[in-house]
Amino acid sequence: MKIYINGKFYSKEAAKISVFDRGFLYGDGVFEGIRSYNRLVFKLDEHLDRLYESAHSIMLKISLSKAEMAKAVVAALKENKLDNAYVRLIVSRGEGDLGLDPRKCKGGSTVVIIADKIALYPEKLYKDGMEIITVATTRNAHEALNPQIKSLNYLNNILGKIEAVNSGYEEALMLNDQGYVTECTGDNIFMLSKCELYTPPECMGALRGVTRDTVLEIAAKLKIPRHEHVFTRHELYVSDECFLTGTAAEIIPVVKVDGRTIGSGKPGKITLELMKEFHKLTKTEGVKY
Ligand code: PXG
């Protein structure tokens, strides 16, 4: 495996970052998770747009232009000879000293690209559907740390994940401080009620997921009425279908929430249709390398 750091490739053993890097000291940076399918990078521009928006929001100047970054991602995929891959793109504010003041980062940002094989949920969960559980940790309030910023500080999500794992579940449902459904720790959530599709709006505390946007586009093409609308756990419990979306997870059906069976208890018909259309899209759309 060859890892890209600031314009050069290193072996996994030699790929090292300073302990004074702000990403390590404070989680001061941003990241993206991108997928490629059959030598096509899926939604590369959308992921890079979000990366640069996150960086802009935290006043981090990325040392590469967006076009240079796109080239670096493709170079990392080629260097590692990967046809199907998961790319983790990490940008930190760079090396500083032990103080919080970002003006100490004189050397500019650190850019790391790891291109690896994909790690999915177990295949059985895609076929049978997964069970999720609501956790006590609420999603970050946007006025404290906006969930739209894909920052290197993912402790909010990790704490949610730990709670789910401790209870024997793979994924956690996170609410906001008003008790509305936001998303899961690394995936967006959707439900279907009377053949209409619902997902919480961004302002409720959900990341604007690239897969989420793709699903909304597919639903529009299939003429499925879709809504970015607030909902509570009750509405989710009595919904007909539920699924999660994310770059790593793709679309995964959910059949139980907090012990309540969703619909028939099997992956829903519309969920399966959306999964089929999503896979079709990943085979045909993307930046070729
Ligand atoms: N919500 C959150 C909080 C995320 O971090 C998504 C939704 C889905 O967004 P995309 O754009 O991928 O459709 C994410 C992103 C992991 C992992 O290891 C997953 C994400 C980020 C980091 C790690 O599963 N998902």
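Position 1 is the first residue of the sequence, and the numbers go up from there. As the structure lists them, so they are numbered: ligands from 1, and atoms in each ligand from 1.
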Exercise for the section: Measure the distance from atom 24 (O) of ligand 1 to every protein heavy atom, then report the residue, atom name and distance (to 0.1 Å) of the closest one. Expected result: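 Result: Ala248 CB, 4.2 Å.
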
Handout entry: Nearest-neighbour protein heavy atom for atom 11 (O) of ligand 1, which is reported as residue plus atom name and distance
Key =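 The closest one turns out to be Val210 N, 2.7 Å.
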
Problem - Phe9 and Tyr4 aromatic ring geometry - parallel, tilted or perpendicular at 30°/60° bounds - result: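 Judged by the thresholds at 30° and 60°, the geometry between Tyr4 and Phe9 is perpendicular.
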
Exercise for the section: For the pair Phe278 and Tyr37, name the ring-plane relationship: parallel under 30°, tilted 30 to 60°, perpendicular over 60°. Expected result: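 It falls in the perpendicular class, over 60°.
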
Among the heavy atoms of [X], does any lie under 4.0 Å from an atom of ligand 1?
| X | answer |
| --- | --- |
| Arg139 | yes |
| Thr214 | no |
| Glu46 | no |
| Arg88 | yes |
| Lys150 | yes |

Using a 4.0 Å cutoff against the non-hydrogen atoms of [X], which atoms of ligand 1 qualify?
| X | answer |
| --- | --- |
| Leu207 | 1 (N), 2 (C), 4 (C), 6 (C), 7 (C), 9 (O), 14 (C) |
| Tyr154 | 2 (C), 3 (C), 4 (C), 5 (O) |
| Thr247 | 10 (P), 11 (O), 12 (O), 13 (O) |
| Gly209 | 9 (O), 10 (P), 11 (O), 13 (O) |

Are [X] and [Y] close enough for a salt bridge, meaning some N to O gap below 4.0 Å?
| X | Y | answer |
| --- | --- | --- |
| Arg50 | Glu32 | yes |
| Glu183 | Arg139 | yes |
| Glu217 | Arg226 | no |

Practice task
Look at atom 2 (C) of ligand 1 and find which of Glu171, His47, Glu183, Gln148 reaches it with the closest heavy atom.
Solution key: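 Shortest heavy-atom distance from atom 2 (C) of ligand 1: Glu183.
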
Exercise for the section: Could you see which bit of Asn157 sits under 4.0 Å from ligand 1, with heavy atoms only: side chain, backbone, both or neither? Expected result: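 It is the side chain that touches ligand 1; the backbone stays farther off.
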
Problem - Ile90 vs Val111 side-chain heavy atoms within contact, under 4.5 Å - result: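 No. Closest side-chain heavy atoms not under 4.5 Å.
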
Handout entry: Backbone of Glu13 reached by a side-chain donor or acceptor of Lys16 within 3.5 Å
Key =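 Checked: pair present.
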
Exercise for the section: Please report the closest heavy-atom contact between Asp21 and Ser92, naming both atoms and the distance. Expected result: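 Distance-wise, the nearest heavy atoms are OD1-OG, 2.5 Å.
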
